[in-house]
Trainee: 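Take a look at this one; I'll ask things after.
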Amino acid sequence: MSRKFPESVVFIVAPDADGAPNVMPAGWSMFSSNDPLMMAVSVGLERYTHDCLRDADDYVIAFPSAAQTEDIVYCGSNSGADLDKISESGLEPAASAEIETPILEDAAACFECRPGGSFRTGDHRIFAGEIVAAHVSETYEETVNNLGRAWGDGPERFKTLSELLGAEHTPP
Ligand SMILES: Cc1cc2nc3c(=O)[nH]c(=O)nc-3n(C[C@H](O)[C@H](O)[C@H](O)COP(=O)(O)O)c2cc1C
C-alpha cells in the first residue's frame with residue numbers, strides 16, 4: 001500500500017530561508033490537541049517544505065476551497081526549490097493576524113500556527129503546530145478530498161463531495 005484514500009487535503013504555507021512563503025498540499029494531516037488547539041502534518045524528508053517547517057518561526061495550514069483545486073495540482077507537482085509557487089499560481093496571499101506567514105485568500109479555512117514539536121516517522125516527519133489564530137471563509141466553498149485517482153493526472157483526480165454524489169446533494 002503506497003497511499004491511503006480518501007484523504008482531506010490541506011495547504012502548508014511555510015517560509016523558506018529568505019522568508020518567502022512556499023505552498024505544498026498535504027493529504028496527511030490531523031488535529032492533534034484540543035488544549036492547546038494543535039494540528040499535525042506529515043512531510044517527506046526530501047520536500048522543500050520539510051526544511052522550511054524545520055526552521056520556521058510560524059506557518060499556516062489552510063483547507064483549500066473547491067476553487068483552488070488546480071492550485072493543489074500545481075503546488076503538488078512542483079517544488080519551491082525550483083520556483084516561486086505563489087507568484088506562478090493563482091494563489092493570493094493575505095496578511096495573517098498573529099504571524100508573519102500569510103494566509104491564503106479563497107481558502108475555506110486558514111490556521112495560523114507556531115511550531116509545537118516534531119518527530120520522524122520513517123521517510124516523513126510529523127510537525128505539530130499550535131494554532132494561534134483561525135479564519136473561516138464567509139463565502140465558504142467545499143473543501144477538497146483526494147479520492148486517489150492516478151497520481152498527478154490533473155484536476156480530474158480531485159472530486160468534491162457534491163461532484164461525487166450529484167448536484168442535488170450540494171450542502172446548503
Ligand atoms: C493531493 C496531494 C497530497 C499530498 N500529500 C502529501 C503529504 O501528506 N506529505 C508529503 O510530504 N507530500 C505530499 N504530497 C506531495 C507534495 O505536495 C509535493 O511533493 C510537492 O511538490 C512538494 O513541494 P515542495 O518541494 O515545495 O515542498 C501531496 C501531493 C498531492 C497532490
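Just so you know, ligand 1 is whichever comes first in the structure, and atom 1 is the first atom listed for that ligand.
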Trainee: Could an N or O of ligand 1 be found under 3.5 Å from any N or O of Val43, whether backbone or side chain?
Mentor: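 For ligand 1, there is no N or O atom that lies under 3.5 Å from one belonging to Val43.
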Trainee: If you measure from atom 6 (C) of ligand 1 to every heavy atom of Ser77, Ala26, Ser8, which option wins on shortest distance?
Mentor: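 Comparing heavy atoms across Ser77, Ala26, Ser8, the nearest one to atom 6 (C) of ligand 1 lies in Ala26.
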Trainee: Which ligand 1 atoms does His124 reach within 4.0 Å, using its non-hydrogen atoms?
Mentor: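 It comes down to these atoms of ligand 1: 9 (N), 10 (C), 11 (O).
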Trainee: Under a 4.0 Å heavy-atom limit, does Val23 contact ligand 1 with its side chain, its backbone, both, or neither?
Mentor: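 Contact part for Val23 vs ligand 1: neither.
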Trainee: At a non-hydrogen distance cut-off of under 4.0 Å, which region of Ser42 contacts ligand 1 (side chain, backbone, both, or neither)?
Mentor: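 Just the backbone.
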Trainee: Is it the case that Asp84 and Ser87 place a side-chain donor and acceptor less than 3.5 Å from each other?
Mentor: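 Note: Asp84 and Ser87 side chains meet the donor-acceptor criterion.
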Trainee: Mind checking whether Ala81 contacts ligand 1 via backbone (N, CA, C, O), side chain (CB onward), both or neither, at a 4.0 Å heavy-atom cut-off?
Mentor: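 Near ligand 1, Ala81 shows nothing, with every heavy atom at 4.0 Å or more.
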Trainee: More than 12 foreign heavy atoms under 6.0 Å from CD of Glu46: is that the case here?
Mentor: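 Yes, enclosed.
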Trainee: Of the backbone atoms (N, CA, C, O) and the side-chain heavy atoms from C-beta on, which set of Lys85 has a member under 4.0 Å from an atom of ligand 1: side chain, backbone, both, or neither?
Mentor: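 Under 4.0 Å from ligand 1, Lys85 contributes side-chain atoms alone.
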Trainee: N/O to N/O below 3.5 Å, does that happen between Ile72 and ligand 1?
Mentor: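 In fact, backbone or side chain, Ile72 has no N or O that close.
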Trainee: Do Asp16 and Tyr48 have a side chain donor and acceptor closer than 3.5 Å?
Mentor: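 Tyr48 and Asp16 do have a side-chain donor-acceptor pair below 3.5 Å.
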Trainee: Give a yes or no on whether the backbone of Glu105 and the side-chain of Gln68 come within a donor-acceptor separation of less than 3.5 Å.
Mentor: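 Between the backbone of Glu105 and the side chain of Gln68 there is a qualifying donor-acceptor contact (under 3.5 Å).
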Trainee: Out of curiosity, is Cys52 lining ligand 1, as in a heavy atom under 4.0 Å away?
Mentor: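 Under 4.0 Å: no for Cys52.
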Trainee: If you take all heavy atoms of Thr101 and Val13, which pair is closest and at what distance?
Mentor: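 Of all heavy-atom pairs spanning Thr101 and Val13, the closest is CG2-O, 3.4 Å.
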